[in-house]
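Along the sequence shown, residues carry numbers from 1. Hydrogens, waters and symmetry mates play no part in the numbers below; they use all other heavy atoms, side chains included.
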Amino acid sequence: MCGIVGFTGQTDSEVLKKMTDSITHRGPDDAAYIVNSNFSIGYRRLSIIDLSKSIYPITNEEDTIELVLNGEIYNYQELRTELEASGHQFKTQSDSETIVHGYEEWGHDVVAHLRGMFVFVLLDKANNELFMARDRLGIKPWYYSEYNGRIVFGSEIKAILEHFDVPRDPDDRSVYRFLSYRVHDTDDRTFFKNVKRLLPGHFMIIKSDGGMDIQKYWKPEYNKEFSSKKSDDEYKEEFKEIFSEAVRLHLIADVPVGVTLSGGLDSSGITSLSKQLYDEALTLAQSSGETAPKHEIIAFSAVHPGETIDESEYIDSVVNETGIKSVKIQPSVDTFWEDLDHWVYMQEEPVISGAPYAYYTVMREARKQITVLLSGQGGDELLAGYVPYFMTYLQTAWDQKKLWPMLRETWMGKDLYFPYFFKLLKARQQSDTNLSIQDMLTDQFKQEYKDQGVDFKTSRNLNERLFFDVTRDTTPSLLRYEDKNSMANSLESRVPFFDHKVVEYIFNLPIDQKIKFGWNRFIYRNAMQGVIPEKNRLRRSKVGFTNPEWEWIERRADKFREIFSSDSFKNRPYWAAEKVLQDFEKAVSNQKTGDVLIFWRLFITEMWMRKYVD
């Protein structure tokens with residue numbers, strides 16, 4: 001994992017170094033620069049594969065191409081074999097070099113050959129242009145700004161803001177949608193008016209005259225059909241083979257590797273498979289005399305002893321069954337406030353809840369022992385892991401006249417779904433005591449963005465809904481948090497569920513392989529039989545990596561009162577501070593209920609404004 005920055009136009013070595021230094025945490029091991037009369041690029045490297053120093057920028061045989069890469073190409077060994085057979089000569093063992101020779105061979109279509117998470121910047125000297133591409137799911141970030149006749153770009157927004165005088169003005173539309181609807185990262189806009197993000201699955205070409213062309217290269221399809229055409233066992237074996245291969249590829253590294261283990265279904269599978277693959281490689285090495293794995297895999301977990309969200313029993317279940325080394329971290333409300341200023345700086349944009357802080361603390365501790373960390377991120381969004389997806393399942397079944405499955409799932413999943421629907425019904429009946437963010441926003445702010453509402457009407461087809469959640473509505477923000485938290489700690493986080501081969505396979509599964517016999521993530525649970533403990537595989541509850549968020553707010557209510565009473569908070573054009581404070585007191589005393597994390601969104605927006613805008 002690494003970081004890249006740069007700009008077009010006349011070079012300025014002082015600005016370029018300042019931008020590059022601002023992301024040293026992304027790559028503390030090495031630095032490199034590419035500079036000509038039209039383009040200036042800075043690079044920081046976190047060494048993962050081929051630990052040799054000073055190999056960047058990567059060049060081709062004729063030195064007409066120079067490249068820097070943020071991320072990993074997991075199929076680089078396969079690509080290298082193919083490209084060498086075509087006559088290309090390699091100078092390093094780096095995965096990055098396959099992109100250089102792949103570009104010579106396939107041009108812009110090289111992106112279609114890559115399996116991995118990546119953003120790369122390639123200088124094509126012959127055509128005097130930059131070619132940049134972001135991976136299909138957007139695991140790695142890429143930002144840019146067009147300002148004063150230049151294009152400024154980087155792996156992080158803070159680097160762009162170090163460039164000349166790019167304004168820090170907030171994007172008020174993004175602020176409104178975040179506060180009002182909890183929506184963010186769904187398009188190319190950021191919380192900064194003058195900074196955009198290159199969307200996942202897109203590439204960008206910048207010409208020497210400053211012209212820019214953005215194209216979408218990944219156009220996946222999804223299956224709208226309800227019923228399976230093969231047996232459950234056939235689907236199970238197919239998925240297990242594809243997913244196990246993805247995990248194996250994600251374990252490739254020349255540095256120590258670990259896993260995050262929340263105790264949930266997805267992280268339990270990643271952890272158990274990783275340990276199984278490690279044990280198999282070790283056994284094979286011992287019997288054949290081949291090189292054994294250099295480093296033991298370690299599982300890192302966040303625990304909350306005494307809290308209702310504590311997952312220790314499920315974490316211990318995996319640890320005891322696999323024998324994996326376990327490290328537990330206990331985030332606390334006190335350390336959160338100690339870390340707040342730095343954490344907000346590293347996040348760069350407001351965060352929807354305090355849950356990502358749990359990841360941050362785990363990754364900080366993990367970095368003391370390992371450099372690469374596998375995460376279970378993505379399983380819920382791909383495989384309908386959340387209870388609300390059940391309603392969409394019922395709609396699909398009704399529309400496709402699958403009445404028996406609809407009745408079956410309603411009955412077999414009643415322990416999950418009935419409490420959820422009753423909770424929704426109760427909330428509607430108590431609407432007069434429910435908190436409302438619209439009551440706290442200023443009339444001028446609401447009037448200005450009244451047409452920027454969000455249509456929460458989702459598709460009636462479950463696979464279509466999941467497709468848009470993964471490609472647009474939910475996953476982009478989760479991957480932003482993943483990158484910011486890991487890179488803040490100079491740690492490479494990998495997400496096997498978002499391997500594009502896995503994603504495309506899941507997109508094309510029939511709907512009844514995702515919810516069946518009262519189980520969500522049906523195919524995954526089947527595939528994990530015999531891999532993870534039955535206690536975890538058959539659990540019905542769900543918590544994941546999080547913190548006791550409202551409890552933490554209540555325990556430090558004085559801090560929130562102080563912020564909501566501050567002059568800076570009162571002077572923002574977005575909210576009516578007195579009303580915010582009034583409703584906060586009612587929420588703390590249980591006079592108001594509902595979306596209590598409204599106060600988190602107000603709080604974190606204020607903290608972000610102080611750090612980046614003021």
Ring centre gap for F497 and Y524 strictly below 6.0 Å: yes
Sequence-distant partners of R472, side chain to side chain donor-acceptor pair (under 3.5 Å), two or more places apart: none
Pairing residues for S268 by the side chain to side chain donor-acceptor pair (under 3.5 Å) criterion, not counting sequence neighbours: N536
Residue pair L137 / P200, side-chain heavy-atom distance below 4.5 Å: no
Other residues, nucleotides, ligands: >12 heavy atoms within 6.0 Å of E241 CD: no
Atom pair CZ (R136) and NE2 (H202), whose distance is rounded to the nearest 0.5 Å: 13.5 Å
Which residues share a side-chain contact (heavy atoms from CB on, under 4.5 Å) with Q10, sequence neighbours left out: R150
Residues in side chain to side chain donor-acceptor pair (under 3.5 Å) contact with H108, at least two apart in sequence or another chain: none
Check: W218 ring centre within less than 6.0 Å of H500 ring centre: no
Contacts of E82 that satisfy salt bridge (charged side-chain N to carboxylate O under 4.0 Å, His left out) - sequence neighbours left out: none
Partner residues of D135 under the salt bridge (charged side-chain N to carboxylate O under 4.0 Å, His left out) criterion, sequence neighbours left out: none
K484 and its salt bridge (Lys or Arg N to Asp or Glu O under 4.0 Å) partner, picked from E156, E348, E349: E348
Where at least one partner belongs to residues 5-22, residue pairs that pass salt bridge (Lys or Arg N to Asp or Glu O under 4.0 Å), sequence neighbours excluded: K17-D21, K18-E162
Y345 six-ring centre to K158 NZ/CZ under 6.0 Å and within 45° of normal: yes
From CG (L114) to CG (N75), nearest 0.5 Å: 6.5 Å
Reported OG-to-CG distance for the pair S40 and L16, which is rounded to 0.5 angstrom: 5.5 Å
Residues forming a side chain to side chain donor-acceptor pair (under 3.5 Å) with D187, sequence neighbours excluded: R173
Residue pairs passing the salt bridge (Lys or Arg N to Asp or Glu O under 4.0 Å) test where at least one lies in residues 245-260, sequence neighbours excluded: E245-R248
Sequence neighbours excluded, every pair satisfying salt bridge (Lys or Arg N to Asp or Glu O under 4.0 Å) that has a member inside residues 33-42: none
Check: F131 ring centre within less than 6.0 Å of F120 ring centre: yes
Residues that K207 engages under salt bridge (charged side-chain N to carboxylate O under 4.0 Å, His left out), provided they are two or more places apart: E129
Row check, Y235 ring normal vs K230 NZ/CZ: under 6.0 Å, within 45°: yes
Non-neighbouring partners of S86 that pass side-chain contact (heavy atoms from CB on, under 4.5 Å), sequence neighbours left out: H88, E105
